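All values below were derived from every heavy atom in this structure, side-chain atoms included, with hydrogens, water molecules and symmetry-related copies excluded. Because the structure is predicted, anything quoted here is derived from the model rather than measured.
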Amino acid sequence: VAAAIAELEGVTEAEDVTSLSVKDLYPPKTWTRVQDEFYLQAAREGIWKGESVLRKRDGAELQVDLALLPLRNPQGDVEYWAAVSRDITEQKRAEAALHESEARIRAIFEAALDSIITIDQDGKIIEFNRAAEKAFGYRHDGVRGTELDKLLYPASSPDRCRHTLDRHSSRGETGPLLRRPGEAKA
């Protein structure tokens, strides 16, 4: 058993590392999958790669990227298994936190009573919330990718919006482009 597994399992130098079983490294529900899927695929295809869960001696679980490889004897029978794993627990926690944050932002965006329109650097609409749909009479899926100036300004003055967008972008400014009449820039 590799030193990394001994460290993972909390085995000290005084203890016998060879007393560890591969089965001890997995939670019961994962062990069944390891036997029924991972080992069979690795034996058949020469390798299994994917994400799994390992169990530490104290019961804590780690999410890992895992690769299993069969090591065969001259007759072609699997004699040993090699496993390479990388702890991705923190990465998975960060991904979950990001998804939660994105969901929260999406909920705020959709619930806002003010129109919110986001555009890319070319002035094309990326997002268009429900309030904007009500205010402008367009559906989000109908305006996504449309240039904002074509949507907001009549055909006789599309350059006016393009000039404002270009000026705003060239100064590195962020924030609202449109204001109510008489509203001062913050």
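Partners of L113 by side chain to side chain contact (heavy atoms under 4.5 Å, CB included), not counting sequence neighbours: none found. With sequence neighbours excluded, the residues forming a side chain to side chain contact (heavy atoms under 4.5 Å, CB included) with A112 are I116, N129, listed by chain and number.
At a threshold of 4.0 Å, the pair K92-E95 counts as salt-bridged, since one of the basic side-chain nitrogens sits closer than that to a carboxylate oxygen. Salt-bridge formation is not detected for the pair E102/R106: no Lys NZ or Arg NE/NH1/NH2 atom is positioned less than 4.0 Å from an Asp or Glu carboxylate oxygen.
Shown here for A82 and L71, the closest heavy-atom pair between the two residues is CB-CD1, 4.1 Å. The nearest pair of heavy atoms linking E79 to N73 is OE1-CB, 2.7 Å. Between Q35 and L40 the shortest heavy-atom distance is O-CG, 3.8 Å. The shortest non-hydrogen separation linking I119 to I126 is C-CD1, 3.6 Å. Residue P70 comes nearest to A42 through the heavy atom pair CG-O, 3.4 Å, listed as atom of the first residue, atom of the second, then distance. In terms of heavy atoms, A131 sits closest to D114 at CB-O, 3.3 Å.
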**Derivation of the side chain to side chain contact (heavy atoms under 4.5 Å, CB included) call for F136 and I117** = CA-CA 11 Å; F136 295 101; I117 303 170; 3.7 Å; yes
**Prompt:** After noting the C-alpha distance and the side-chain angles of R144 and K124, does the key distance pass the side chain to side chain contact (heavy atoms under 4.5 Å, CB included) rule?
**Reply:** CA-CA 7 Å; R144 187 177 177 127; K124 292 183 180 177; over 6 Å; no
**Item:** CA sep, side-chain torsions, deciding dist, call: Y26, T32, side chain to side chain contact (heavy atoms under 4.5 Å, CB included)
**Value:** CA-CA 9 Å; Y26 296 95; T32 303; over 6 Å; no
**Request:** Show your working on side chain to side chain contact (heavy atoms under 4.5 Å, CB included) between E51 and V64 and close with a plain yes or no.
**Result:** CA-CA 6 Å; E51 292 181 4; V64 294; over 6 Å; no
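R55 has its side chain within reach of P28: a pair of non-hydrogen atoms, C-beta onward, lies under 4.5 Å apart.
Note that CZ of F109 is 5.5 Å distant from OG1 of T118, once rounded to the nearest 0.5 Å. Atom CG of L69 and atom CD1 of I47 lie 4.0 Å apart (nearest 0.5 Å).
Both L68 and V22 belong to a single network of hydrophobic side chains, linked directly or stepwise wherever heavy atoms of I, L, V, M, F, W or Y lie under 4.5 Å apart. Each of I88 and V34 belongs to its own hydrophobic cluster when Ile, Leu, Val, Met, Phe, Trp and Tyr are linked at side-chain heavy-atom distances under 4.5 angstrom. L25 and V84 are not part of a single hydrophobic cluster, where members link through side-chain heavy atoms under 4.5 Å apart. No continuous path of hydrophobic side-chain contacts links L66 to V53 [ILVMFWY only; heavy atoms under 4.5 Å].
Although no hydrogens or angles enter the test, the distance criterion places a donor-acceptor pair under 3.5 Å between the side chain of T89 and the main chain of Q63. In this structure a side-chain-to-backbone donor-acceptor pair under 3.5 Å is present from R72 to A43. Between the E133 side chain and the H140 main chain, a donor and an acceptor come within less than 3.5 Å of each other.
Residue pairs meeting the ring-ring contact (aromatic ring centres under 6.0 Å, His included) criterion with at least one partner in residues 81-102, sequence neighbours excluded, are Y39-W81.
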